[in-house]
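Order of listing sets the numbers, starting from 1, for every ligand and every atom in it. FYI, side chains are in, hydrogens and waters are out, and symmetry mates aren't considered; it's all heavy atoms of this structure.
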Amino acid sequence: MLKELKKIQKEALAGLNKAGVLAEIEKIRVGYLGRKGRLTEILKSLRKLPSEQRAQVGKLANDIKNKLMAEIEDRLKKIESRPRGERVDITLPGIVAAHGNKHPVTRIIDEICDIFVSLGLNVVEGPEAERERYNFEALNIPLDHPSRDAFDTFYIKDDLLLRSHTSPVQIRVMEKEEPPVAVIVPGKVYRPDAVDATHSFMFHQVEGLVIDKNITFSDLKGTLSFFANRMFGDSVKVRFRPHFFPFTEPSADLDISCIICGGKGCRVCSRTGWLEVMGAGMVDPEVFKAVGYNYEKYSGFAFGMGVERIAMLKYGVNDIRLFFENDLRFLRQWR
Ligand code: DAH
């Protein structure tokens, strides 16, 4: 028994001398001193020994136990006091941190905003849950307008809805500030449309509003032409097509020459050579009245565009749903 104990001591110490890391030391501790450890077993079996042996074996076993515990303690302290750099194995391969990338819609929003910021507009945002006054009334959209129907707007409750465009932020800005005003407004908008390749119940718009003395349609045209060339390239042509919006007069849709076929006519532009990219116009005097601006003194222009549409054109994406499905195989293309 005494010999056996000496052997255990020798082996345990030899093991400790070889152990370089915490896990190895712990393994030795468990192997000898754990509940089923070799030394523990001997200590447990002491009472079966004849009493004349018990004292001697017991003393040695306990001495070894104490010695081992002290050694282990000592080694743990040494490892812990090592400088950090020495505790890691620098030859192991590093941990590659997963890194994401901007969503393509965010990229387009940033690009649009940057272009207008370079012209002096400020980026502002507004609430997605909006009151009727901001989404409709102050924008000169009458009560009987079809878009005020619950089928065309998500209503949360009376007089609280999910904004169906970013135009309400025009009103919020004008209520807070006196002209001159020059803002660009990105954000989410909501419409209860059936989802398909070109429709989503949530999408993004960017709204623009510029108001000062002597702002004319030429300023609108110059600004949006500059934008179109920055966004889609210098060879892109623009055209303004008369249209109607309640909050602008006159109003227009802005088309750019098709960026796929260069204007010759293809599937993407439905053989017209043109792509509609946004609505725009001169701010209607009724809107100025609603916010208490003097419409004889000031004039301004406004515009609004759908971000996903622009992203689809620019990146050649043919289904809007791809932007919202969170399929990383799709999204990682913008790394
Ligand atoms: N709010 C319009 C829409 O959602 C887009 C729009 C058209 C915004 C003309 C404007 C504008 O500011 O002047 O379809």
Please tabulate protein-ligand N/O pairs under 3.5 Å for ligand 1, atom names and distances to 0.1 Å.
unit_1: ligand 1; atom_1: 1 (N); unit_2: His165; atom_2: ND1; d: 2.9
unit_1: ligand 1; atom_1: 1 (N); unit_2: Ser167; atom_2: OG; d: 2.9
unit_1: ligand 1; atom_1: 4 (O); unit_2: Arg191; atom_2: NH2; d: 2.9
unit_1: ligand 1; atom_1: 4 (O); unit_2: Gln205; atom_2: NE2; d: 3.0
unit_1: ligand 1; atom_1: 12 (O); unit_2: Gln170; atom_2: NE2; d: 3.1
unit_1: ligand 1; atom_1: 12 (O); unit_2: Glu207; atom_2: OE2; d: 2.6
unit_1: ligand 1; atom_1: 12 (O); unit_2: Phe303; atom_2: N; d: 3.3
unit_1: ligand 1; atom_1: 12 (O); unit_2: Phe303; atom_2: O; d: 3.3
unit_1: ligand 1; atom_1: 13 (O); unit_2: Ala302; atom_2: O; d: 3.2

Quiz item: Near Arg191 CZ, under 6.0 Å, is it more than 12 heavy atoms from other residues, nucleotides or ligands?
Solution: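 It does: Arg191 CZ has more than 12 such atoms within range.
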Quiz item: Do other residues, nucleotides or ligands put more than 12 heavy atoms under 6.0 Å from the NZ atom of Lys44?
Solution: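 Atom NZ in Lys44 is crowded, with more than 12 foreign heavy atoms closer than 6.0 Å.
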Quiz prompt | Partners passing ring-ring contact (aromatic ring centres under 6.0 Å, His included) against Phe154 (at least two apart in sequence or in another chain) | solution =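 Result, ring-ring contact (aromatic ring centres under 6.0 Å, His included) vs Phe154: none returned.
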Practice problem: Sort and list the pairs that fulfil ring-ring contact (aromatic ring centres under 6.0 Å, His included) and have at least one residue in residues 235-288, not counting sequence neighbours. | Solution: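 Passing the test, one end in residues 235-288: His165-Phe247, Phe217-Phe240, His243-Phe245, Phe245-Phe247, Phe288-Tyr293.
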Quiz prompt | ILVMFWY cluster membership beyond Phe203 - transitive side-chain contacts under 4.5 angstrom | solution =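 Traced through the cluster, Phe203 reaches Val189.
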Exercise. Test ring-ring contact (aromatic ring centres under 6.0 Å, His included) on Phe201 and Tyr190 and set out the steps.
Key: CA-CA 5 Å; Phe201 52 83; Tyr190 302 83; 7.9 Å; no
